[in-house]
Asker: 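This is the structure I want to talk about, given as C-alpha coordinates.
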Amino acid sequence: MSTTKTLPEKSLGTQGFSGSIQGYGCMSLTAFGAPEKAEGAEQTLKHVLEQGVTLLNTATFYGQNLNEEIIGSVIKEFPRERVKITTKWGPTWRDGQLKHDGSREHCRAECFSSLKRLGVDYLDMFIFRGPPDANTPWEDTIQFMKELVEEGHVKYLGLSEVSPADIRRAHAIHPITALEMEWSLFSRDAEEDLVPTARELGIGFLAYSPLGRGLLTGALKSKEDVPEQARGFNPRMAGEHFDKNAKLVQNVVQLAAKKGVTPGQLALAWVTQQGDDVIPIPGTKRVACVDENVAAVNVKLTAEEMKELEDAVPQHEVAGDRYHDMKHISYKYDT
(Lines give C-alpha, C1' and ligand atoms only; values in the text may rest on other atoms or scores of the structure.)
Protein backbone atom coordinates (compact mmCIF):
# COMPACT_ATOMS: atom_id res chain seq x y z
CA MET A 1 0.00 0.00 0.00
CA SER A 2 1.34 3.44 -0.89
CA THR A 3 0.76 6.57 1.10
CA THR A 4 -1.54 9.23 -0.29
CA LYS A 5 0.83 12.00 0.79
CA THR A 6 4.54 12.59 1.09
CA LEU A 7 6.54 14.84 3.37
CA PRO A 8 9.99 16.32 2.85
CA GLU A 9 12.81 14.35 4.46
CA LYS A 10 15.67 15.30 6.73
CA SER A 11 18.97 13.56 7.33
CA LEU A 12 19.92 12.91 10.93
CA GLY A 13 23.58 12.68 11.73
CA THR A 14 26.28 11.81 9.25
CA GLN A 15 25.75 8.04 9.01
CA GLY A 16 23.09 8.02 6.27
CA PHE A 17 19.85 7.94 8.29
CA SER A 18 16.91 10.00 7.05
CA GLY A 19 13.22 10.33 7.87
CA SER A 20 10.22 12.55 7.32
CA ILE A 21 10.66 16.16 8.44
CA GLN A 22 8.22 15.37 11.24
CA GLY A 23 7.99 12.02 12.98
CA TYR A 24 5.45 10.50 15.34
CA GLY A 25 5.93 9.63 19.00
CA CYS A 26 4.05 6.38 19.50
CA MET A 27 3.85 6.52 23.31
CA SER A 28 0.34 7.97 22.94
CA LEU A 29 -0.94 4.69 21.50
CA THR A 30 -0.85 3.00 24.92
CA ALA A 31 -0.70 3.75 28.59
CA PHE A 32 2.94 4.33 29.57
CA GLY A 33 3.34 1.62 32.19
CA ALA A 34 0.37 -0.66 31.58
CA PRO A 35 -0.73 -2.85 28.64
CA GLU A 36 -3.70 -0.62 27.89
CA LYS A 37 -4.42 0.45 24.33
CA ALA A 38 -5.71 3.93 23.47
CA GLU A 39 -9.07 3.99 21.73
CA GLY A 40 -8.61 3.85 17.97
CA ALA A 41 -4.85 3.36 18.29
CA GLU A 42 -4.47 1.41 15.05
CA GLN A 43 -6.60 3.86 13.07
CA THR A 44 -4.61 6.81 14.38
CA LEU A 45 -1.27 5.22 13.51
CA LYS A 46 -2.45 4.25 10.04
CA HIS A 47 -3.58 7.83 9.47
CA VAL A 48 -0.15 9.08 10.60
CA LEU A 49 1.54 6.97 7.94
CA GLU A 50 -0.98 7.96 5.28
CA GLN A 51 -0.17 11.62 5.91
CA GLY A 52 3.41 11.01 4.81
CA VAL A 53 5.08 10.52 8.20
CA THR A 54 7.74 7.83 7.82
CA LEU A 55 9.53 7.98 11.18
CA LEU A 56 7.96 6.20 14.15
CA ASN A 57 9.47 6.41 17.63
CA THR A 58 8.61 3.85 20.28
CA ALA A 59 10.19 1.92 23.16
CA THR A 60 10.28 -1.65 24.37
CA PHE A 61 8.84 -0.50 27.71
CA TYR A 62 5.88 1.54 26.40
CA GLY A 63 2.70 -0.20 27.43
CA GLN A 64 4.72 -3.22 28.59
CA ASN A 65 5.42 -4.33 25.00
CA LEU A 66 1.90 -3.55 23.68
CA ASN A 67 3.05 -0.38 21.93
CA GLU A 68 5.35 -2.26 19.58
CA GLU A 69 2.69 -4.90 18.95
CA ILE A 70 0.25 -2.22 17.76
CA ILE A 71 2.89 -0.76 15.46
CA GLY A 72 3.63 -4.20 14.06
CA SER A 73 -0.03 -4.81 13.26
CA VAL A 74 -0.27 -1.56 11.28
CA ILE A 75 3.03 -1.29 9.41
CA LYS A 76 2.57 -4.65 7.73
CA GLU A 77 0.19 -2.82 5.36
CA PHE A 78 3.05 -0.58 4.19
CA PRO A 79 6.31 -1.31 2.38
CA ARG A 80 9.00 -2.02 4.97
CA GLU A 81 11.46 0.44 3.46
CA ARG A 82 8.95 3.28 3.80
CA VAL A 83 8.70 3.04 7.59
CA LYS A 84 11.64 4.06 9.78
CA ILE A 85 11.34 2.54 13.26
CA THR A 86 13.35 3.91 16.18
CA THR A 87 12.88 2.09 19.45
CA LYS A 88 14.40 2.60 22.89
CA TRP A 89 15.66 0.07 25.40
CA GLY A 90 17.46 0.15 28.74
CA PRO A 91 14.64 0.66 31.24
CA THR A 92 12.65 -2.49 31.96
CA TRP A 93 9.61 -3.13 34.13
CA ARG A 94 10.42 -5.09 37.29
CA ASP A 95 8.06 -5.27 40.25
CA GLY A 96 6.04 -2.37 38.88
CA GLN A 97 9.07 -0.08 38.53
CA LEU A 98 11.40 0.85 35.70
CA LYS A 99 14.91 -0.45 36.30
CA HIS A 100 17.88 0.25 34.04
CA ASP A 101 19.71 -2.73 32.59
CA GLY A 102 22.54 -2.25 30.10
CA SER A 103 23.74 -5.85 30.12
CA ARG A 104 24.44 -7.86 26.97
CA GLU A 105 21.72 -10.34 27.82
CA HIS A 106 19.13 -7.60 28.20
CA CYS A 107 20.33 -5.72 25.12
CA ARG A 108 19.98 -8.73 22.85
CA ALA A 109 16.72 -9.89 24.41
CA GLU A 110 15.16 -6.44 23.91
CA CYS A 111 16.32 -6.21 20.31
CA PHE A 112 15.08 -9.64 19.28
CA SER A 113 11.80 -9.21 21.16
CA SER A 114 11.24 -5.88 19.40
CA LEU A 115 11.89 -7.45 16.01
CA LYS A 116 9.29 -10.12 16.75
CA ARG A 117 6.64 -7.72 18.07
CA LEU A 118 7.15 -5.32 15.17
CA GLY A 119 7.22 -8.11 12.60
CA VAL A 120 10.41 -6.83 10.95
CA ASP A 121 13.86 -8.27 10.36
CA TYR A 122 15.84 -5.16 11.36
CA LEU A 123 15.44 -2.03 13.47
CA ASP A 124 16.21 1.26 11.77
CA MET A 125 17.55 2.73 15.01
CA PHE A 126 18.14 1.17 18.42
CA ILE A 127 18.29 3.83 21.13
CA PHE A 128 19.61 3.42 24.65
CA ARG A 129 17.51 5.45 27.09
CA GLY A 130 19.68 6.63 29.97
CA PRO A 131 20.95 7.00 32.48
CA PRO A 132 23.58 4.26 32.01
CA ASP A 133 23.23 1.10 34.07
CA ALA A 134 25.37 1.44 37.20
CA ASN A 135 26.07 -2.31 37.11
CA THR A 136 27.36 -2.42 33.53
CA PRO A 137 30.31 -0.39 32.21
CA TRP A 138 29.00 2.18 29.73
CA GLU A 139 31.49 1.18 27.05
CA ASP A 140 30.31 -2.42 27.35
CA THR A 141 26.67 -1.43 26.78
CA ILE A 142 27.61 0.41 23.59
CA GLN A 143 29.71 -2.55 22.46
CA PHE A 144 26.68 -4.81 22.88
CA MET A 145 24.67 -2.47 20.65
CA LYS A 146 27.51 -2.34 18.12
CA GLU A 147 27.39 -6.14 17.85
CA LEU A 148 23.75 -5.93 16.78
CA VAL A 149 24.69 -3.51 14.00
CA GLU A 150 27.51 -5.77 12.84
CA GLU A 151 25.11 -8.73 12.79
CA GLY A 152 22.56 -6.82 10.69
CA HIS A 153 19.75 -6.67 13.26
CA VAL A 154 20.10 -2.88 13.72
CA LYS A 155 21.07 -0.20 11.20
CA TYR A 156 21.82 2.84 13.37
CA LEU A 157 22.39 3.62 17.05
CA GLY A 158 20.94 6.43 19.15
CA LEU A 159 21.02 7.69 22.74
CA SER A 160 18.50 9.41 24.99
CA GLU A 161 18.82 11.30 28.28
CA VAL A 162 22.56 10.87 28.75
CA SER A 163 25.34 13.33 29.49
CA PRO A 164 27.73 14.98 27.02
CA ALA A 165 30.51 12.80 28.48
CA ASP A 166 28.37 9.68 27.90
CA ILE A 167 27.83 10.73 24.28
CA ARG A 168 31.54 11.17 23.61
CA ARG A 169 32.45 7.83 25.17
CA ALA A 170 29.74 6.04 23.20
CA HIS A 171 30.57 7.74 19.91
CA ALA A 172 34.20 6.64 20.26
CA ILE A 173 33.06 2.99 20.17
CA HIS A 174 30.41 3.24 17.46
CA PRO A 175 29.04 6.29 15.60
CA ILE A 176 25.88 7.63 17.23
CA THR A 177 23.34 8.79 14.67
CA ALA A 178 20.78 10.64 16.78
CA LEU A 179 20.13 11.96 20.24
CA GLU A 180 16.52 11.66 21.37
CA MET A 181 15.81 14.47 23.82
CA GLU A 182 13.08 16.76 25.01
CA TRP A 183 13.19 20.01 23.06
CA SER A 184 10.47 22.63 22.99
CA LEU A 185 9.85 26.26 23.83
CA PHE A 186 9.38 25.03 27.40
CA SER A 187 12.47 22.75 27.44
CA ARG A 188 15.65 24.35 26.14
CA ASP A 189 18.18 23.27 28.77
CA ALA A 190 19.86 20.86 26.34
CA GLU A 191 20.92 23.79 24.14
CA GLU A 192 23.62 24.66 26.65
CA ASP A 193 25.70 21.49 26.46
CA LEU A 194 24.06 18.54 24.73
CA VAL A 195 23.29 20.27 21.44
CA PRO A 196 26.81 21.65 20.88
CA THR A 197 28.37 18.30 21.79
CA ALA A 198 26.14 16.36 19.43
CA ARG A 199 26.64 18.78 16.56
CA GLU A 200 30.40 18.68 17.02
CA LEU A 201 30.21 14.90 16.55
CA GLY A 202 27.76 14.99 13.64
CA ILE A 203 24.81 13.64 15.63
CA GLY A 204 21.21 14.61 14.81
CA PHE A 205 18.21 15.11 17.09
CA LEU A 206 14.83 13.47 17.65
CA ALA A 207 12.93 16.13 19.60
CA TYR A 208 10.34 14.53 21.86
CA SER A 209 7.52 16.42 23.61
CA PRO A 210 7.90 19.37 21.20
CA LEU A 211 4.47 20.59 22.35
CA GLY A 212 5.45 20.69 26.02
CA ARG A 213 3.33 17.56 26.70
CA GLY A 214 0.28 19.39 25.39
CA LEU A 215 0.72 22.66 27.27
CA LEU A 216 1.86 24.57 24.19
CA THR A 217 -1.27 23.68 22.23
CA GLY A 218 -3.33 25.97 24.45
CA ALA A 219 -5.89 23.20 24.89
CA LEU A 220 -5.31 22.88 28.64
CA LYS A 221 -7.22 25.89 29.89
CA SER A 222 -7.16 25.02 33.59
CA LYS A 223 -5.68 22.50 36.00
CA GLU A 224 -8.93 20.55 35.75
CA ASP A 225 -8.15 19.86 32.09
CA VAL A 226 -4.92 18.07 33.05
CA PRO A 227 -5.27 14.32 33.69
CA GLU A 228 -4.38 13.40 37.25
CA GLN A 229 -1.60 11.07 36.11
CA ALA A 230 -0.01 13.86 34.06
CA ARG A 231 0.03 16.16 37.10
CA GLY A 232 2.06 13.64 39.05
CA PHE A 233 4.33 12.86 36.11
CA ASN A 234 4.98 16.43 35.01
CA PRO A 235 5.43 19.15 37.68
CA ARG A 236 4.83 21.85 35.07
CA MET A 237 1.17 20.86 34.95
CA ALA A 238 0.54 20.93 38.70
CA GLY A 239 -0.41 23.62 41.20
CA GLU A 240 1.18 27.04 40.95
CA HIS A 241 3.49 25.82 38.20
CA PHE A 242 0.52 25.30 35.90
CA ASP A 243 -0.77 28.81 36.56
CA LYS A 244 2.60 30.38 35.76
CA ASN A 245 3.12 28.31 32.64
CA ALA A 246 -0.42 28.96 31.41
CA LYS A 247 0.44 32.66 31.26
CA LEU A 248 3.40 31.89 29.01
CA VAL A 249 1.16 29.75 26.81
CA GLN A 250 -1.15 32.73 26.33
CA ASN A 251 1.78 34.60 24.82
CA VAL A 252 2.15 31.77 22.31
CA VAL A 253 -1.60 31.82 21.63
CA GLN A 254 -1.45 35.51 20.79
CA LEU A 255 1.52 35.13 18.45
CA ALA A 256 -0.15 32.16 16.74
CA ALA A 257 -3.27 34.23 16.11
CA LYS A 258 -1.09 36.95 14.63
CA LYS A 259 0.55 34.37 12.33
CA GLY A 260 -2.78 32.73 11.41
CA VAL A 261 -1.83 29.30 12.74
CA THR A 262 -2.63 27.28 15.87
CA PRO A 263 -0.41 27.56 18.96
CA GLY A 264 0.69 23.96 18.50
CA GLN A 265 1.69 24.56 14.90
CA LEU A 266 3.71 27.60 15.92
CA ALA A 267 5.50 25.60 18.64
CA LEU A 268 6.21 22.73 16.23
CA ALA A 269 7.52 25.07 13.55
CA TRP A 270 9.91 26.56 16.09
CA VAL A 271 11.37 23.12 16.90
CA THR A 272 11.56 22.10 13.23
CA GLN A 273 13.53 25.24 12.42
CA GLN A 274 16.15 24.61 15.08
CA GLY A 275 18.22 23.04 12.33
CA ASP A 276 18.40 20.67 9.39
CA ASP A 277 19.45 18.01 11.90
CA VAL A 278 16.28 18.20 14.04
CA ILE A 279 13.12 16.11 13.61
CA PRO A 280 10.29 16.71 16.10
CA ILE A 281 8.29 13.61 17.09
CA PRO A 282 4.95 14.83 18.51
CA GLY A 283 2.52 12.23 19.77
CA THR A 284 -1.26 12.31 19.89
CA LYS A 285 -4.19 9.93 20.17
CA ARG A 286 -6.45 11.98 17.88
CA VAL A 287 -6.61 11.94 14.09
CA ALA A 288 -7.56 15.62 13.98
CA CYS A 289 -4.45 16.49 15.98
CA VAL A 290 -2.33 14.40 13.61
CA ASP A 291 -3.55 16.57 10.73
CA GLU A 292 -2.89 19.76 12.68
CA ASN A 293 0.62 18.65 13.57
CA VAL A 294 1.55 17.55 10.06
CA ALA A 295 0.29 20.85 8.64
CA ALA A 296 2.91 22.59 10.78
CA VAL A 297 5.63 21.49 8.34
CA ASN A 298 4.35 24.22 6.03
CA VAL A 299 4.66 26.96 8.66
CA LYS A 300 7.80 29.00 8.07
CA LEU A 301 9.11 31.46 10.64
CA THR A 302 11.42 34.39 9.98
CA ALA A 303 14.38 35.05 12.25
CA GLU A 304 12.39 37.90 13.78
CA GLU A 305 9.41 35.63 14.46
CA MET A 306 11.68 33.02 16.05
CA LYS A 307 13.14 35.60 18.41
CA GLU A 308 9.73 37.07 19.19
CA LEU A 309 8.52 33.60 20.14
CA GLU A 310 11.55 32.87 22.29
CA ASP A 311 11.19 36.23 24.06
CA ALA A 312 7.54 35.39 24.74
CA VAL A 313 8.57 32.22 26.58
CA PRO A 314 11.67 33.14 28.63
CA GLN A 315 13.33 30.02 29.98
CA HIS A 316 13.80 31.45 33.44
CA GLU A 317 10.03 31.91 33.71
CA VAL A 318 9.09 28.30 32.89
CA ALA A 319 7.98 26.82 36.23
CA GLY A 320 8.79 23.27 37.31
CA ASP A 321 11.15 20.52 36.18
CA ARG A 322 10.58 18.31 33.14
CA TYR A 323 10.06 15.25 35.37
CA HIS A 324 9.06 14.75 38.98
CA ASP A 325 12.38 12.99 39.62
CA MET A 326 15.20 14.64 37.73
CA LYS A 327 17.80 12.27 39.22
CA HIS A 328 16.89 9.94 36.38
CA ILE A 329 18.01 12.54 33.85
CA SER A 330 21.69 11.79 34.05
CA TYR A 331 23.18 14.66 32.11
CA LYS A 332 22.09 17.08 34.82
CA TYR A 333 24.03 15.10 37.40
CA ASP A 334 26.87 13.54 35.44
CA THR A 335 29.07 16.01 33.65
Side-chain angles (χ1 to χ4, degrees), residues 7-27 53-60 62 71 81 83-91 102 107 110-111 114 118 120 122-132 138 141-142 144-146 148-149 153-184 187-191 193-210 268 271-283 297 329-331:
L7 291 176
E9 289 213 338
K10 273 187 175 182
S11 295
L12 289 189
T14 55
Q15 307 306 312
F17 181 90
S18 64
S20 50
I21 191 172
Q22 182 182 121
Y24 176 73
C26 296
M27 191 175 77
V53 173
T54 64
L55 194 156
L56 304 180
N57 179 267
T58 183
T60 60
Y62 288 171
I71 296 170
E81 64 275 9
V83 183
K84 304 293 179 68
I85 303 169
T86 68
T87 192
K88 292 180 292 300
W89 75 285
C107 177
E110 291 287 79
C111 175
S114 287
L118 292 163
V120 297
Y122 65 87
L123 298 174
D124 293 280
M125 192 183 301
F126 201 36
I127 301 171
F128 182 87
R129 204 285 190 185
W138 179 232
T141 295
I142 303 304
F144 304 149
M145 297 171 71
K146 178 181 178 180
L148 293 171
V149 175
H153 306 300
V154 171
K155 289 199 168 185
Y156 301 94
L157 299 184
L159 299 174
S160 179
E161 301 293 5
V162 295
S163 72
D166 294 334
I167 296 170
R168 291 186 184 280
R169 290 163 60 196
H171 194 72
I173 295 170
H174 187 279
I176 301 301
T177 291
L179 184 64
E180 182 184 341
M181 65 181 205
E182 186 167 355
W183 201 352
S184 74
S187 296
R188 300 183 60 189
D189 48 318
E191 295 175 15
D193 48 14
L194 283 176
V195 172
T197 298
R199 283 183 168 153
E200 175 192 334
L201 299 174
I203 299 171
F205 305 91
L206 294 171
Y208 77 81
S209 296
L268 276 173
V271 175
T272 301
Q273 291 187 212
Q274 289 306 305
D276 293 335
D277 53 359
V278 181
I279 296 180
I281 48 173
V297 304
I329 309 303
S330 68
Y331 74 81

Asker: Determine whether N57 and Y208 make a side-chain contact, defined as any pair of heavy atoms from C-beta on separated by less than 4.5 Å.
Answerer: no
Asker: Quick one, D277 and F205 - any side-chain contact, counting heavy atoms below 4.5 Å?
Answerer: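 The answer is yes; the side chains approach within 4.5 Å.
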Asker: How long is the straight-line distance from CD1 of I203 back to CD of Q15, given to the nearest 0.5 Å?
Answerer: 9.0 Å
Asker: How about NZ on K155, more than 12 heavy atoms from neighbouring residues, nucleotides or ligands closer than 6.0 Å, or not?
Answerer: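 Not buried by this count: 12 neighbours or fewer within 6.0 Å.
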Asker: How close do L179 and A198 get, heavy atom to heavy atom, and via which atoms?
Answerer: CD2-CB, 4.5 Å
Asker: To the nearest 0.5 Å, what is the distance between CG on L194 and OG on S163?
Answerer: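 Rounded to the nearest 0.5 Å, the CG-OG separation comes out at 8.0 Å.
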Asker: Quick check for you: to the nearest 0.5 Å, what is the distance between I71 atom CD1 and Y62 atom OH?
Answerer: 9.5 Å
Asker: Compare all side-chain heavy atoms of F128 with those of F144 and state whether any distance is below 4.5 angstrom.
Answerer: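 They are not in side-chain contact.
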Asker: Measuring only between side-chain heavy atoms, which start at C-beta, is L12 closer than 4.5 Å to Y156?
Answerer: no
Asker: With side chains defined as the heavy atoms from C-beta onward, is the minimum distance between L159 and I142 less than 4.5 Å?
Answerer: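 Side chain of L159 against side chain of I142, heavy atoms only: contact under 4.5 Å found.
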Asker: What's the shortest heavy-atom distance between W183 and A207, and which atoms?
Answerer: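 Smallest heavy-atom distance, with atoms named: CB-CB, 3.8 Å.
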Asker: Would you check, one step at a time, whether the test side chain to side chain contact (heavy atoms under 4.5 Å, CB included) holds for M181 with V195?
Answerer: CA-CA 10 Å; M181 65 181 205; V195 172; 3.5 Å; yes
Asker: Please name all residues satisfying side chain to side chain donor-acceptor pair (under 3.5 Å) with K84, sequence neighbours left out, ordered by chain then number.
Answerer: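 Expected list: none.
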Asker: Let's go through F17 and L55 carefully: what are the C-alpha distance in whole Å and the side-chain angles of both, what is the deciding distance for side chain to side chain contact (heavy atoms under 4.5 Å, CB included) to 0.1 Å, and is it a yes or a no?
Answerer: CA-CA 11 Å; F17 181 90; L55 194 156; 3.8 Å; yes
Asker: If the condition is side chain to side chain donor-acceptor pair (under 3.5 Å), which residues does S184 pass it with, not counting sequence neighbours?
Answerer: none
Asker: How long is the straight-line distance from NZ of K10 back to CD1 of I279, given to the nearest 0.5 Å?
Answerer: 6.5 Å
Asker: Is there side-chain contact between E180 and K88, with heavy atoms separated by less than 4.5 Å?
Answerer: yes
Asker: Show the nearest heavy-atom pair for residues I176 and G158, with the distance to one decimal.
Answerer: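 Here I176 and G158 meet closest at CG2-CA, 4.1 Å.
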Asker: Side-chain contact test, heavy atoms from C-beta onward, threshold under 4.5 Å: evaluate it for L206 versus I127 and give yes or no.
Answerer: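 Heavy-atom side-chain distance check passes, below 4.5 Å.
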Asker: Can you name the side chain to side chain donor-acceptor pair (under 3.5 Å) partners of T272, sequence neighbours left out?
Answerer: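 Once residues adjacent in sequence are excluded, T272 has no partner under the side chain to side chain donor-acceptor pair (under 3.5 Å) criterion.
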Asker: Enter the distance from I85:CD1 to L118:CG here, rounded to the nearest 0.5 Å.
Answerer: 5.0 Å
Asker: Answer yes or no: is there a side-chain heavy-atom contact under 4.5 Å between D166 and P132?
Answerer: yes
Asker: E110: which residues meet the side chain to side chain donor-acceptor pair (under 3.5 Å) condition with it, sequence neighbours left out?
Answerer: T60
Asker: With sequence neighbours left out, write down each residue that passes side-chain contact (heavy atoms from CB on, under 4.5 Å) with V154, or none if nothing qualifies.
Answerer: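 Per chain and number, V154 pairs via side-chain contact (heavy atoms from CB on, under 4.5 Å) with C111, L123, F126, L148, V149, L157.
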Asker: Could you report the tightest heavy-atom contact between E200 and R168, atom names first, then the distance?
Answerer: OE1-NH2, 2.8 Å
Asker: Where the side chain of S20 meets the backbone of T54, is there a donor-acceptor pair that is under 3.5 Å apart?
Answerer: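 Looks like yes, one N/O pair under 3.5 Å.
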Asker: How long is the gap from SG on C107 to NZ on K146, to the nearest 0.5 Å?
Answerer: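 Taking SG in C107 and NZ in K146, the distance rounds to 13.5 Å.
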Asker: Might you point out which heavy atoms bring P196 and A190 nearest each other, and give the distance in Å?
Answerer: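 P196 and A190 have their closest heavy atoms at CD-O, 4.3 Å.
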Asker: So, using salt bridge (Lys or Arg N to Asp or Glu O under 4.0 Å) as the criterion, who are the partners of E9 when residues are at least two apart?
Answerer: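 Scan of E9 (salt bridge (Lys or Arg N to Asp or Glu O under 4.0 Å), adjacent residues dropped) gives none.
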Asker: For residues V53 and Q22, report the shortest heavy-atom separation together with the two atoms involved.
Answerer: CG1-O, 3.6 Å
